[in-house]
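Order of listing sets the numbers, starting from 1, for every ligand and every atom in it.
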Amino acid sequence: MRRAIFPGSFDPLTNGHLDIIRRSCPLFDEIVIAVLNNPDKNPLFTVEERCSMLEEILPTLGIEGCRLVVDSFSGLTAEFARERGATAIVRGIRAVSDYEYELRMALMNRKLEPSIETVFLMAGEEYSYVSSTLMKQVFELGGRVEGLIPPLVEARMREKLAEN
Ligand code: ADP
């Protein structure tokens, strides 16, 4: 049983995240999409809202042969991975700018849990400029983010914007 975790804020989920999930599926039997509970970062969506969007969207991807599980966590990623019996942490790399931070995190996680490897997957070119932060900024200013985030996420963002 090859189990990995794919940790992140997913605030909100973008097509870039889904691209990484699709790419990692042939490599593992199970992937736990691990939503970081980060209230101090003042997220747009609560961790429950982020998890529920993932739970609605993942089955629509039509992925076979890899079980996708949604969970949330707080604290150390490496510890969560160990608790879940994962042997790998999946992360996406978009550009050189991601590399330095990801390298530090991967080395720290290896120090904490030497048996767990971080596996980096390169973003699809079409999503290499997509980040949750940029999506929020553009959306809040009325720009079009069609094709870059799932339609369900776009609808929930519109609702959030109307609430605030
Ligand atoms: P974090 O706050 O942990 O970086 P994110 O939700 O921003 O959480 O990202 C989670 C993971 O998804 C990270 O490994 C990030 O590099 C990757 N990721 C985010 N956007 C993209 C994208 N457009 N293409 C590929 N990977 C991405």
Side-chain angles (χ1 to χ4, degrees), residues 3-28 30-58 61 63 66 68-81 84 86-110 112-113 116-140 143-154 156-157 160:
R3 181 183 290 120
I5 68 161
F6 178 38
S9 306
F10 305 101
D11 185 43
L13 176 70
T14 70
N15 287 348
H17 293 127
L18 294 178
D19 180 60
I20 294 294
I21 294 170
R22 270 199 205 91
R23 288 173 195 281
S24 44
C25 278
L27 307 176
F28 301 100
E30 182 180 296
I31 300 169
V32 180
I33 324 296
V35 180
L36 179 65
N37 192 356
N38 49 353
D40 43 323
K41 260 181 119 181
N42 194 21
L44 177 65
F45 291 105
T46 65
V47 74
E48 293 78 17
E49 288 169 332
R50 284 177 266 158
C51 287
S52 99
M53 281 187 266
L54 271 159
E55 270 156 5
E56 278 187 61
I57 290 165
L58 292 178
L61 299 181
I63 287 170
C66 175
L68 298 176
V69 178
V70 179
D71 202 354
S72 63
F73 75 107
S74 36
L76 292 172
T77 305
E79 205 174 295
F80 178 76
R84 293 302 299 249
T87 52
I89 297 172
V90 170
R91 294 285 290 176
I93 297 259
R94 286 161 288 194
V96 180
S97 48
D98 280 340
Y99 176 77
E100 238 180 276
Y101 172 75
E102 293 293 344
L103 176 68
R104 270 187 281 131
M105 292 300 288
L107 293 177
M108 192 64 221
N109 285 332
R110 185 190 281 167
L112 294 169
E113 289 295 340
I116 298 173
E117 283 297 334
T118 302
V119 174
F120 292 109
L121 297 175
M122 301 307 144
E125 305 90 275
E126 64 273 49
Y127 304 121
S128 61
Y129 63 98
V130 174
S131 70
S132 299
T133 305
L134 187 60
M135 294 306 102
K136 281 185 279 195
Q137 285 170 345
V138 171
F139 188 84
E140 278 164 19
R144 290 168 65 99
V145 287
E146 213 177 73
L148 304 179
I149 60 174
L152 175 85
V153 173
E154 200 177 335
R156 298 275 159 88
M157 281 175 86
K160 272 275 168 197

Exercise. So, do L36 and V47 sit near enough that their side-chain heavy atoms are less than 4.5 Å apart?
Worked result: no

Exercise. Hey, which residues fall under 4.0 Å of ligand 1 on heavy atoms?
Worked result: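 Within the 4.0 Å shell of ligand 1, which is judged on heavy atoms, sit F6, P7, G8, S9, F10, G16, H17, I20, K41, R91, G92, R94, E102, A123, Y127, V130.
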
Exercise. So, D11 side chain and P43 main chain: donor-acceptor pair closer than 3.5 Å or not?
Worked result: no

Problem set entry | Set of residues satisfying ring-ring contact (aromatic ring centres under 6.0 Å, His included) with respect to F6, sequence neighbours excluded |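 F10.
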
For this session: Could you list the residues that satisfy side-chain contact (heavy atoms from CB on, under 4.5 Å) with I5, not counting sequence neighbours?
Result: P7, V32, T77, F80, A81, A86, I89

Problem set entry | Residues in side chain to side chain donor-acceptor pair (under 3.5 Å) contact with E126, at least two apart in sequence or another chain | none

Problem set entry | Steps toward side-chain contact (heavy atoms from CB on, under 4.5 Å) verdict (T14, L148) | CA-CA 6 Å; T14 70; L148 304 179; over 6 Å; no

